[in-house]
Amino acid sequence: MIGVGIFCSTWDNRLNTNHTLRLSKLSKETLLYTFEKNVKDFLALLELSCSMGLTIFRLGSNFIPFASHERFDNDWLLDVESRLRLLSDKIKSYGIRITMHPGQFVVLNSPREDVVRRSLKELSYHMWVLDTMGLSWESIIVVHVGGVYGNKREALKRFEKTIGENEWLTKRLAIENDEKYYTAEDVVELGEKLGLPVVFDYYHHLLNPSAFSIDRLVETWRGTTPEFHLSSLPEGVHKLGEHGDFVKLEDFLDLANLWGNRGPLDVVIEAKKKEVAVEKLIQELERVGYKLRRPKCFKKC
DNA sequence: ACCCGTCAAGTCCGG
DNA sequence: CCGGACTTGACGGGT
């Protein structure tokens, strides 16, 4: 049964877990001020998700701005840590799955040692946030495989090497197919080899298709609830890779059909209109009699 | 109060 | 070899 959710913020950004600041303004005071804005909006977004009956929420990577930057002083984390521990029970009480998805600059297969090092530091910060809130292993961190650098086999081998040298990553790391370089088939093969769950992105698969096996992809989750991503092409003229304002009912139903009756699944709706798009989708699904999975906090009025 | 130049980070591609 | 695209918005200094 499928549950859906939004990511990072409301469409109008009135609630946003990605508030940041200029690096030049970074200090303990500005950091804690901005972090608190993110925390407040995070709680409000969980409340919103709960009232809409959403099962998953993606927390923004700027939750603690510049947390992996060299100009960031780890002493500042003491206040952050106590705040997160205090919130742990409240956050968990919603029963909404919290996951994260770092930006394009996390590249575990780069030939540049410094790029890999910074990527690991960024992932270690993501891991710390989820651990500190006491979230379960279903709170994953989703990354792409990275670049190709003119030799896909070598690039894949470098990815494997990085994972092999950093076993701690496998606690929460998941890998996703992208719209240009690594197909679902590539990522399933890699996930099987490394023991990493594979996030299937429906839209990336349309742009970068392959003959992947959905059964093998599901198998990489070893009984835990998979996370998928869904977005649609925008109406009218659009650029390659651009996400639509809304997600089309038929795209959702295609994905639901692919999923079949395999059990629980969380789908992040990656539409520009965020919660407005999800609300529209929910209504359309109701009209056609499709039943969504709801979180434990959801009470239908 | 509003506008608009600028912003940590990577990779690929075209000129 | 370098600058722009990708995707994208929000910060914050300036008016």
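So you know, we letter chains A, B, ... as the sequences are listed, proteins then strands, and number each from 1. This one's a predicted model, so the numbers in the text were calculated from it and none came from an experiment.
Using a 4.0 Å heavy-atom distance criterion, A:V148 is classed as a sugar-phosphate-only contact. A:F66 comes within 4.0 angstrom of a nucleotide base, judged by non-hydrogen atoms across all strands. Among the heavy atoms of the strands, none lies under 4.0 Å from A:S119.
As a whole-Å value, the separation of A:R117 CZ from B:dA9 C1' is 12 Å. Atom NE2 in A:H101 sits about 20 Å away from atom P in B:dA9, given to the nearest Å. B:dG10 atom P lies 15 Å from atom CZ of A:R158, rounded to whole Å. For the pair A:L21 CG and C:dG13 P, the interatomic distance rounds to 11 Å; values are reported in whole Å. One atom, CG of A:N62, and another, P of B:dA9, lie 13 Å apart when rounded to the nearest Å. Rounded to whole Å, atom P of C:dC6 lies 8 Å from atom NZ of A:K180. Atom-to-atom, CG of A:L31 to P of C:dC11 comes out at 14 Å; the value is rounded to the nearest Å. In this structure, A:H126 atom NE2 and B:dA9 atom C1' are separated by 12 Å, rounded to whole Å.
In the set B:dA9, C:dT8, B:dG10, the nucleotide with an atom closest to the side chain of A:V115 is B:dG10. Which of B:dT11, C:dG13, B:dA8 sits closest to the side chain of A:R112 comes down to B:dT11. Closest to the side chain of A:R118, out of C:dT8, B:dA9, B:dC12, is B:dA9.
Between B:dT11 and A:Y149, a contact under 4.0 Å exists linking OP1 or OP2 to a side-chain N or O. For B:dA8, the OP1/OP2 oxygens have no side-chain nitrogen or oxygen of A:R22 closer than 4.0 Å. Within the 4.0 Å cut-off from OP1 or OP2 of B:dT11, at least one side-chain nitrogen or oxygen of A:S110 is found. Proximity of A:H19 to the phosphate of C:dC11: a side-chain N or O atom is located under 4.0 Å from OP1 or OP2.
The ring of A:W76 has its center no closer than 6.0 angstrom to the ring center of A:F35. Checked against the 6.0 Å centroid threshold, A:H229 and A:H204 do not count as a close aromatic pair. Taking the six-membered ring where the residue is Trp, the centroids of A:Y290 and A:F252 are separated by under 6.0 Å. A ring-centre distance under 6.0 Å is not found for A:F57 and A:F7.
Counting heavy atoms from C-beta outward, A:L120 and A:V106 have side chains that stay 4.5 Å or more apart. With a 4.5 Å cut-off on side-chain heavy atoms, A:D266 and A:R293 count as touching.
Nucleotide B:dA9: unpaired (no Watson-Crick or G-U wobble partner with both distances less than 3.5 Å). The partner of B:dG15, taking Watson-Crick or G-U wobble pairs whose two distances both stay under 3.5 Å, is C:dC1. Under the Watson-Crick or G-U wobble criterion, with both distances below 3.5 Å, C:dT8 has no partner in any strand shown. As the counterpart of C:dT15, B:dA1 is assigned, both hydrogen-bonding distances of the Watson-Crick or G-U wobble pattern falling under 3.5 Å.
Between the C1' atoms of B:dG10 and C:dC11, the separation comes to 22 Å (whole Å). Taking atom P in both B:dA8 and C:dG13, the straight-line distance is 13 Å, to the nearest Å. Rounded to whole Å, the P atom of C:dT8 lies 23 Å from the corresponding atom of B:dT6. C:dT7 and B:dG14 are spaced 15 Å apart, taking the P atom of each and rounding to whole Å. Of the C1' atoms belonging to B:dC3 and C:dC6, the separation is 25 Å, rounded to the nearest Å.
Between A:F212 and A:F200, the ring-plane angle classifies as parallel under the 30° and 60° cut-offs.
Between A:F105 and B:dA9, a base-stacking contact is recorded: ring centres under 5.5 Å apart, planes less than 30° from parallel.
Nearest-nucleotide positions on DNA chain C for A:Q104 and A:N18 put A:Q104 closer to the 5' end.
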